[in-house]
Student: 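Sharing a structure with you now.
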Amino acid sequence: MARRSPEPLLWLLFSAGGMAAALLVPILLFLFGIAFPLGWLSAPDHTHLLSVLRHPATKVILFGLCLLCLFHWAHRFRYTLYDGLQLKNLSLAISLLCYGGAVAGSVAAGVVLFRI
Amino acid sequence: MPETDRITLQVARYRPEQETEPTWQSYEVPLRKEWTVLDGLNHIKDHLDGTLSYRWSCRMGICGSCGMTVNGEPQLTCSAFLTDSAPGPVRVEPLANFPVVRDLVVELGDFMNKLTEVKPWIIRAEDKPLDEGEFLQTPEEMDAYKQYSMCINCMLCYAACPVYALDPDFVGPAAIALAQRYNLDSRDEGAADRRDVLSSAAGVWACTLVGECTTACPKGVDPAGAIQRYKLTAATRSLKDLLWPWGQR
Amino acid sequence: MSRTPASRRPGPAGGSGPAPYRKPVPTFWWLRRRAYLVFVLRELSGVFIAWFVVFLLLMAGAIAEGSGEYERFQDWSGQWWVVLLNVIALLFVLLHTLTWFGLAPRAMAVRLRGRRVRPGPIVATHYLLWALLTAAVAWLILKG
């Protein structure tokens, strides 16, 4: 069958991203975004975090998390613009913005994480 | 029987020969414990105003023709009791998201076309002659699709669906659930015939899983679940095609 | 009903009778119903998940640059508006997690020994996995 719609694969990325975000983002955001800055818990020192980040498994997991989260955002944001603001006539521009943003963000994540 | 209690029905009227958009008309009907909104409408039709138009047939939640918007919610008027809206008034409007032909009557053509597009009947690669007997099915096999077969085509799910409101090309909850009803039937061999419509941009991929179709369904069909399950099926299949393009079609 | 072939979108010119009335969709249709509002808020959680990625990468970049840069990041992330933004983001992410787990059994038809698994155990499995991963991440970060 010669139908090559990207929709199923984008949906798989969206779903995988939704699952990854649901499982991992709450604790990471709570610790680094709220608990450490407010002093509820003492922030880990630099050497410990650097050693964690230098572990290849951490790099791969974090890169995967960033990529999937960004594609998750792209998919949801695209449909929010379509439906919430009724902008479906701008669908090409919106798709470029959303998925282009996700690709650019993933490249940036790769550069940051794998240079550590 | 003395009629002490009464309730006001605010009914949306649309008579295209005399108005360009719907207006409200109020009627007072008896408030009885066993009366539904449909009974109220029938009382209006029989005793107060014979010009009111609406569809109904069975009065028992089987025919699916009396769906309307009651107090803003898509409902079967034969199962919406007047006492639930007491002291009233009860607002009765036509089903949302469909063009209104007259008063509470909406245009069904779009839904009927979509229904036939998904081929909701058993498709066999080769017909089996009658004298070879019936197709057998185990209770487990029937359990796989039975829920979806409860659909009565009342279109409440379309009225509840914001995606259909915004994009009338969307195949929509009931049609996709009915397609799944046959896709999951062990006697059916037509999944490939339904794939093009279901996995088009106006098919399952237009759905954003608001979930209101399932909330609105009076028969517990769960169209939102049917659409999600088909998304998973279609996506897994595309992934297989991508990674294994020379595999079976 | 008119007997002309039903067009997909009956417009003023379609059909023989008078034009059917089409109610326009208001721009802010999702403010009109609680379920629609929750849906739009759920979809907006994606924006905060993207913000989390930015925040995470800023932090990872700072840690890679050295301890001085990491301290500067800590000062920056302690500002009231960054904390406030992260609190709002966490609320949206939690909305995402709860709705995601709640909807998971809809997409999956899990069968065990020929019987369909009921939604309850599927949702419970998700929460269990969430608890385990949360504990593992917290242990990894806090043990140092």
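Here is the naming used below: chain letters follow the sequence lines, and residue numbers restart at 1 for every chain.
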Student: To the nearest 0.5 Å, tell me how far C/W30 CH2 sits from C/L41 CG.
Tutor: 8.5 Å
Student: Under a 4.5 Å cutoff for heavy-atom pairs, which residue among A/G39, A/A21, A/G33 has the most contacts with chain C?
Tutor: A/G33
Student: Is C/L57 in contact with chain A via its backbone, its side chain, both, or neither, using a 4.5 Å heavy-atom distance?
Tutor: both
Student: Taking C/S77 for its side chain and A/P37 for its backbone only, find out whether a donor-acceptor pair lies under 3.5 Å.
Tutor: no
Student: Given that the side chain runs from C-beta out, which part of C/V54 has a heavy atom under 4.5 Å from chain A: side chain, backbone, both or neither?
Tutor: neither
Student: Is it true that a side-chain atom of A/H46 and a backbone atom of C/I63 form a donor plus acceptor pair closer than 3.5 Å?
Tutor: yes
Student: Which of parallel (below 30°), tilted (30 to 60°) and perpendicular (above 60°) describes A/Y99 and A/H75?
Tutor: tilted
Student: Which residue is it: C/T125, C/L129, C/V123? I am looking for the one with a side-chain contact (heavy atoms from CB on, under 4.5 Å) to C/Y127.
Tutor: C/V123
Student: Between C/H96 and C/W100, how do the two ring planes meet: parallel, tilted or perpendicular, split at 30° and 60°?
Tutor: tilted
Student: For chain C, which candidate among A/V111, A/T58, A/T47, A/D83 shows the most heavy-atom pairs at distances under 4.5 Å?
Tutor: A/D83
Student: Specify which of C/F52, C/F48, C/F39 makes the most heavy-atom pairs with chain A at under 4.5 Å.
Tutor: C/F52
Student: Where does A/F14 contact chain C at under 4.5 Å (heavy atoms): side chain, backbone, both or neither?
Tutor: both
Student: Most heavy-atom pairs under 4.5 angstrom with chain A, which of C/A62, C/A104, C/A64?
Tutor: C/A64
Student: For A/L53, which atoms come within 4.5 Å of any heavy atom of chain C: side chain, backbone, both, or neither?
Tutor: side chain
Student: So which part of C/Q74 gets closer than 4.5 Å to some heavy atom of chain A, the side chain, the backbone, both or neither?
Tutor: side chain
Student: Examine whether an atom of A/F32 lies under 4.5 Å from a heavy atom of chain C, and if so say whether it belongs to the side chain, the backbone or both; otherwise answer neither.
Tutor: both
Student: Using atom types as modelled and distance alone, determine if a side-chain donor or acceptor of A/Q86 lies under 3.5 Å from a backbone N or O of C/P26.
Tutor: yes
Student: Tell me, side chain or backbone of A/L29 under 4.5 Å from chain C's heavy atoms, or both, or neither?
Tutor: both
Student: Under a 4.5 Å heavy-atom cut-off, does chain C meet the side chain of A/L31, its backbone, both or neither?
Tutor: side chain
Student: Sort C/S45 into side chain, backbone, both or neither according to what part of it lies under 4.5 angstrom from a heavy atom of chain A.
Tutor: side chain
Student: For chain C, which of A/S42, A/A108, A/C69, A/G105 has the most heavy-atom pairs under 4.5 Å?
Tutor: A/C69
Student: Given the options C/V47, C/V40, C/L85, which has more heavy-atom pairs under 4.5 Å with chain A than any of the others?
Tutor: C/V47
Student: Check this for me: C/K23, atom NZ, are more than 12 non-hydrogen atoms of other residues, nucleotides or ligands nearer than 6.0 Å?
Tutor: no
Student: So, does C/H126 use its side chain to make a donor-acceptor pair with the main chain of C/I122 at under 3.5 Å?
Tutor: yes
Student: Taking A/A22's backbone N and O only, do any of them form a donor-acceptor pair with C/W130's side chain (distance below 3.5 Å, no angle check)?
Tutor: yes
Student: Taking side chain as everything from C-beta outward and backbone as N, CA, C, O, which of these in C/Y36 sits under 4.5 Å from a heavy atom of chain A? Side chain, backbone, both or neither.
Tutor: neither
